[in-house]
Amino acid sequence: MNRRLLVAALAVSALAGCATVPKARLCEAEVSPQKRSFPTPNTWFALLLHGFDENRGAVPRPAVDCSGAPVAWEEPAADECREPGPQPTPLPPKERLTEEDLVLETTQANERLVWVITRRFSNGEGLGPVALVETTPKGFTVRGLGSMRGMTENVRLRMEHVGSTDVLVAEGDACTHEEPQVCRRAARILPLRSGRFFAEAVSDSERKCLGAAWFPLSREQVFELPSGLRRKFELTSTLTFGADAITLQEQVAVSDSDPKQPSIPERLYRRAQNERTLKVEDNVLVGSAPSLWVRMVEQQLLAGAKALPDKPTVVPLPPKEEPKATANKPLP
């Protein structure tokens with residue numbers, strides 16, 4: 001594969017009183033007609049990852065995308081946002097990439113969204129370069145590029161147009177491995193600006209951070225009340241993309257149970273619903289309000305409730321290796 005790194009051209013030319021901005025060209029690869037028609041996973045890995053070793057399937061560490069940018073992600077912290085993003089534990093990187101680490105979605109006849117997962121996390125998320133790739137007569141051209149972290153099972157990628165901006169929408173599940181299996185779906189939204197996908201936080205009209213552009217479509221959390229009762233919150237939400245804004249419909253059901261009386265069924269305590277909007281402005285995502293979930297959870301915490309651990313862990317951490325004995329230093 002003959003791959004070239006290109007600088008995205010953003011030149012503007014005036015024609016009959018109108019401005020035309022050419023498509024960004026971040027990386028290119030010239031491939032054979034066979035690979036162009038029937039690309040393998042290695043074709044995409046080599047296109048998006050700088051220094052990818054096709055023979056060993058290995059990625060340099062830390063990973064770098066084809067433009068030379070580090071494959072990295074940082075969620076808003078608790079002291080920065082009203083609702084911080086998820087903070088899972090990173091799992092050890094794989095020795096080689098396989099087909100399981102590749103997500104492809106066709107958007108047009110000659111255009112695909114490609115996500116390569118180079119790192120995985122304890123909550124079922126994965127991290128890696130994501131790209132909008134166009135098939136050309138000579139090979140492939142990357143029109144949009146960035147890093148993305150999202151759920152890795154039953155993934156769906158698509159492009160939406162909101163306001164004057166194209167946005168990448170990535171939905172996926174995190175599923176437990178115990179029976180009965182439970183899956184929770186979440187969505188990420190990354191605006192495409194000047195050829196780059198950006199992981200932007202959601203801010204209010206005064207530019208105070210409301211939270212990450214991470215939207216659980218199903219969510220559950222149990223709290224222990226000062227009285228000893230257990231209070232369970234269950235969220236379901238939907239995203240709708242309009243010409244001017246994104247609408248988020250949220251519903252939360254709250255039920256109580258007594259751990260001292262496990263035979264008595266849960267009792268519905270409250271239902272609530274809310275609609276909020278998200279606008280994609282020139283350089284920021286603006287939300288109309290904090291999420292219904294965070295507002296209801298804040299009330300419980302102020303009343304003295306304690307969040308119980310979310311069990312079971314979605315992806316079990318690998319066991320730690322025992323130290324090996326040496327000839328000069330026996331194990332204690």
Side-chain angles (χ1 to χ4, degrees), residues 75-88 123-125 149-151 160 162-163 167 169-174 182-191 199-226 229-242 244-257 266-281 284-310 314:
E75 291 282 22
D79 61 350
E80 296 176 320
C81 284
R82 186 164 179 177
E83 183 179 15
Q87 306 288 339
N123 67 339
E125 285 188 298
R149 204 177 88 188
M151 298 303 183
E160 297 280 358
V162 183
V167 296
V169 184
E171 293 185 17
D173 291 339
V182 177
C183 293
R184 297 172 186 168
R185 197 159 183 83
R188 289 276 189 191
I189 295 177
L190 286 78
E200 298 173 357
V202 179
S203 303
D204 63 16
S205 58
E206 297 180 351
R207 297 304 187 262
K208 294 180 180 178
C209 181
L210 297 176
W214 176 75
F215 305 97
L217 304 182
S218 60
R219 192 175 188 178
E220 181 180 305
Q221 179 67 62
V222 179
F223 294 85
E224 185 177 65
L225 304 183
L229 294 179
R230 299 285 172 88
R231 180 159 291 171
K232 181 171 69 175
F233 285 69
E234 295 177 280
L235 167 76
T236 57
S237 57
T238 57
L239 287 166
T240 304
F241 293 82
D244 300 320
I246 303 167
T247 302
L248 185 63
Q249 294 274 0
E250 301 168 305
Q251 294 183 339
V252 177
V254 185
S255 57
D256 287 347
S257 63
E266 294 179 348
R267 178 180 62 87
L268 180 65
Y269 172 75
R270 180 186 178 189
R271 288 187 187 274
Q273 60 183 13
N274 183 57
E275 178 180 295
R276 59 188 177 119
T277 58
L278 179 66
K279 291 191 175 182
V280 186
E281 298 190 354
V284 68
L285 298 173
V286 179
S288 60
S291 70
L292 176 63
W293 175 272
V294 72
R295 283 181 281 161
M296 294 182 70
V297 166
E298 285 175 346
Q299 292 176 358
Q300 296 301 310
L301 296 176
L302 288 173
K306 296 181 180 180
L308 298 179
D310 188 11
V314 174

Exercise. Are any of the side-chain heavy atoms of P191 and V167 separated by less than 4.5 Å?
Worked result: yes
Problem set entry | Spatial distance of atom CG (L301) from atom NZ (K306) [nearest 0.5 Å] | 11.5 Å
Problem set entry | pair R188-E125: side-chain heavy atoms closer than 4.5 Å | yes
Problem set entry | Flag side-chain contact, heavy atom, 4.5 Å: R184 against V182 | yes
Exercise. Would a 4.5 Å heavy-atom cut-off, applied to side chains only, mark E75 and P84 as touching?
Worked result: no
Exercise. Is there side-chain contact between R295 and L292, with heavy atoms separated by less than 4.5 Å?
Worked result: yes
Seminar exercise, completed: Rounding to 0.5 Å, atoms CD (Q251) and CH2 (W293) come to a distance of 13.5 Å
For this session: For residues T238 and L248, determine if any side-chain heavy atom of one lies less than 4.5 Å from a side-chain heavy atom of the other.
Result: no
For this session: List the steps and the verdict of side-chain contact (heavy atoms from CB on, under 4.5 Å) for E250 and S291.
Result: CA-CA 8 Å; E250 301 168 305; S291 70; 3.3 Å; yes
For this session: Go through F241 and I189 one step at a time and tell me if the side-chain contact (heavy atoms from CB on, under 4.5 Å) criterion holds.
Result: CA-CA 11 Å; F241 293 82; I189 295 177; 4.2 Å; yes
Problem set entry | Minimum heavy-atom distance between M296 and V254, given as atom pair plus value | CE-CG2, 3.7 Å
Exercise. From E266 CD over to L229 CG, what is the distance, rounded to the nearest 0.5 angstrom?
Worked result: 11.5 Å
For this session: Supply the atom-to-atom distance Q273 CD to S237 OG, rounded to the nearest 0.5 angstrom.
Result: 13.0 Å
In residues 208-225, what donor-acceptor pairs under 3.5 Å come from side-chain atoms, sequence neighbours left out?
from, atom 1, to, atom 2, distance (Å)
S218, OG, R185, N, 3.0
R219, NH1, E83, OE2, 3.1
Q221, NE2, L308, O, 2.8

Exercise. Side chains of R149 and P86: does their closest heavy-atom pair fall under 4.5 Å?
Worked result: yes
Problem set entry | Sub-4.5 Å side-chain heavy-atom contact between K279 and V284 | no
Exercise. With no hydrogens and no angle check, is any side-chain donor or acceptor of S288 less than 3.5 Å from a backbone partner on T277?
Worked result: yes
Exercise. R207 and V286: side-chain contact (heavy atoms from CB on, under 4.5 Å), yes or no, with the steps?
Worked result: CA-CA 8 Å; R207 297 304 187 262; V286 179; 3.9 Å; yes
Problem set entry | Exercise: identify the closest heavy-atom pair between A187 and E171 | CB-CG, 3.8 Å
Seminar exercise, completed: Heavy-atom closest pair (L278 atom, L285 atom, distance to 0.1 Å) is CD1-CB, 3.9 Å
